[in-house]
Colleague: 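Handing you this structure, nothing more for now.
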Amino acid sequence: MTTRNASQGILADENTEARERIVELLKKGYWMEIETVMSYITNSINPDGVRAQEIIESLQQDIQEELGHATEFAKRIKELYGVVPGSMDFKPEQTYLQPPADQVDIVHVIKGVIEAETGAIEHYNRIIKDTDDADPVTQDMVIAILRDEEGHRRLFEGYLREYEAEGLA
Ligand SMILES: [Fe+2]
Ligand SMILES: [Fe+2]
C-alpha cells in the first residue's frame with residue numbers, strides 16, 4: 001500500500017506554494033530568535049553597576065525563552081517539509097544590541113532590547129496575517145510566541161520609563 005499525501009491543510013500538494021512561503025517566514029523568525037539569544041547573552045554579562053542587576057536577571061530569563069522560540073520555529077520548519085538552515089546562512093542584523101562604549105550604559109541595553117522585541121513583534125504579526133486560513137497551526141504557535149515578545153517589550157518599556165523619570169534617558 002502506498003501512502004498518500006494529506007488532501008487538506010497546509011501539507012496538501014495544492015498548498016505547496018503557500019507552504020514554502022511560510023517556511024521562509026519561519027526561517028527569518030528562527031534567525032531573529034538565534035541572534036536575540038546571542039545579543040542577550042552578551043548584554044546579560046557585560047553591564048556593570050548596581051542598577052544593572054535587574055536588567056541582567058531579566059535578560060537571563062529571556063535567553064531561555066528566546067531559545068525555546070528558536071526551537072519551536074525550527075520544529076515547525078521541518079513539519080512543513082522545510083530544512084532548518086545551517087549556521088553559514090546566518091546574517092546578523094542587530095546593530096543596536098552591540099556592546100556600548102561604556103558598560104554602565106544600561107539605557108543603551110534597554111533601548112536595544114526594546115528594538116529587538118519590536119522587530120520580532122512586527123515580523124510575527126506578519127506571519128499571523130499570512131497564515132490566516134492557510135495554516136492555523138503555525139498561526140497558533142506564533143500567537144503564543146508573540147505574547148511572550150509583547151511581555152518582554154512591556155517589561156523593558158517599564159525599565160526605560162524609570163530612567164526617563166529620573167532624567168537619565
Ligand atoms: Fe523570542
Ligand atoms: Fe523576546
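Ligands are counted one by one from 1 in listed order, and the atoms in each one are counted from 1 as well.
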Colleague: Please tell me whether Glu66 and Thr36 have a donor and an acceptor in their side chains that are separated by less than 3.5 angstrom.
Modeller: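 Side-chain D/A pair, Glu66 to Thr36: absent.
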
Colleague: Does this structure show an ion pair linking Arg21 with Glu24, if we count only N-O contacts that are shorter than 4.0 Å?
Modeller: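 A salt bridge is absent here (no side-chain N lies under 4.0 Å from a carboxylate O).
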
Colleague: Look at Glu72 together with Arg76 and state whether they make a salt bridge at an N to O cut-off of under 4.0 Å.
Modeller: no

Colleague: Mark yes or no for whether Glu162, through its side chain, and Gly158, through its backbone, hold a donor-acceptor pair below 3.5 Å.
Modeller: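 No, Glu162 side chain to Gly158 backbone: no donor-acceptor pair under 3.5 Å.
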
Colleague: What protein N/O/S atoms are found closer than 2.8 Å to the Fe ion (ligand 1)?
Modeller: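 For the Fe ion (ligand 1), the protein N, O and S atoms that sit under 2.8 Å away are Glu33 OE1, Glu33 OE2, Glu66 OE1, His69 ND1, Glu149 OE2.
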
Colleague: For the atom pair CD (Gln60) and CD1 (Ile55), what is the distance rounded to the nearest 0.5 Å?
Modeller: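 Atom-to-atom, Gln60:CD and Ile55:CD1 are 12.0 Å apart.
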
Colleague: For the CD atom on Glu166, are there more than 12 heavy atoms of other groups (residues, nucleotides or ligands in this structure) within a distance under 6.0 Å?
Modeller: yes

